[in-house]
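One structure below.
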Amino acid sequence: MYMVTSHSVEQALLRDKKVAIIGVGALGSVIAQHLVRLGVGKLRLIDRDIVEMSNLGRQVLFTEDDALNQLPKAVAAKSRLQAINSSVDITACVEDANPHTIEMLVQDCDLIMDGTDNLRTRFLINDVSVKFNIPWIYGGAIASRGVVGCFIPSRTPCLRCLFHEPDELHGQTCDTIGVLGPLVHVVGSCQALIAYQLLTGHIEACQPVLKHIDLWHHDVDELPRVFNPQCPCCQNKEYHFLEQVAKEPVIAQLCGRNSIQVTPQQPVHVPFETWINRWKQLGEVKQTPFYVQLYYHGYRIVIFKDGRLLLEGLSDPEQAKQLYAKLIGT
Ligand SMILES: [Zn+2]
């Protein structure tokens, strides 16, 4: 049993640590709130999305005003967290974590927290974790079932010791079957607990297991993990997900929304004025410090500084490709 007697040593250790949270949605909000209240020194919030009314049921850092003002999640979360603890140095990154960006986003951090909603990004996190020797804490929540595990390079098996490809896990996402609201608090809190243990030097408390939780049936299982001697990542140091080169823009459906993200093969840093001048002939255009948006034939189109496009109001990837080609001109 861990006795909470004196926080002073732990507090000093936490103040000295920098943590990246990738994905500040349902799980990321819970994790961030814990870390800020615990008093971690620096926090980097990385999220590619904008707050919507439909997020408010499970994403505890956001309000109706954030959705009405169409704030990026990282920016809205930073504001809320800073009001909880102004001494934490918080950076908001309105970015997609992809092979071009993830090294720059996390390589100076002591720990990476998984708040993502997709398996491909988790394999990318696993690659960058092993390459830069940074632990990461996995969390997943689907329906009433959650999974939590910590991956510590050299000390525990990595994600690819367990699964070779993202497709080997399962095809269900929170988009297809939803998530029980209280589950994200349980999973996010378990992740935050492991973060606390790691950051305060209690590494022996972090077991190489995957904790499976079925909240509906009050059931918890711990499945042991073992090293795969043929693991391409932690044994052979092959970082297939980091080294992936996209031959065309990458289309991704966003979890729980009628929206698609299109990411160019390479970041495209075009001044916002270019898009404003090009798009003002097509419909109503609005500029914010973070993006430019266009209402076009019933769709809401948002372009970020790195050339990433959010297409709201459609779910057909082919239609998204056509719109991208028409609006971006590639
Ligand atoms: Zn491995």
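Indexing begins at 1, ligand by ligand and atom by atom, following the structure's order. Just so you know, these numbers use all the heavy atoms, side chains as well, and skip hydrogens, waters and symmetry mates.
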Quiz item: Quick one: angle Cys231 SG - the Zn ion (ligand 1) - Cys158 SG, to the nearest 10°?
Solution: 100°
Practice problem: May I ask you to check whether Cys233 brings an N, O or S atom to under 2.8 Å from the Zn ion (ligand 1)? | Solution: no
Quiz item: Any salt bridge between Lys73 and Asp66, counting N to O under 4.0 Å?
Solution: no
Self-check item: Lys211 bridged to Asp221 by N-O distance under 4.0 Å
Solution: no
Quiz prompt | Thr116 side chain near Leu27 side chain, heavy-atom distance below 4.5 Å | solution = no
Practice problem: Answer yes or no on whether Arg122 is positioned over the face of Phe151, meaning its NZ or CZ is under 6.0 Å from the six-membered ring centre and within 45° of the axis. | Solution: no
Quiz item: Taking the Zn ion (ligand 1) as the vertex, what is the angle from SG of Cys161 to SG of Cys234, given to 10 degrees?
Solution: 100°
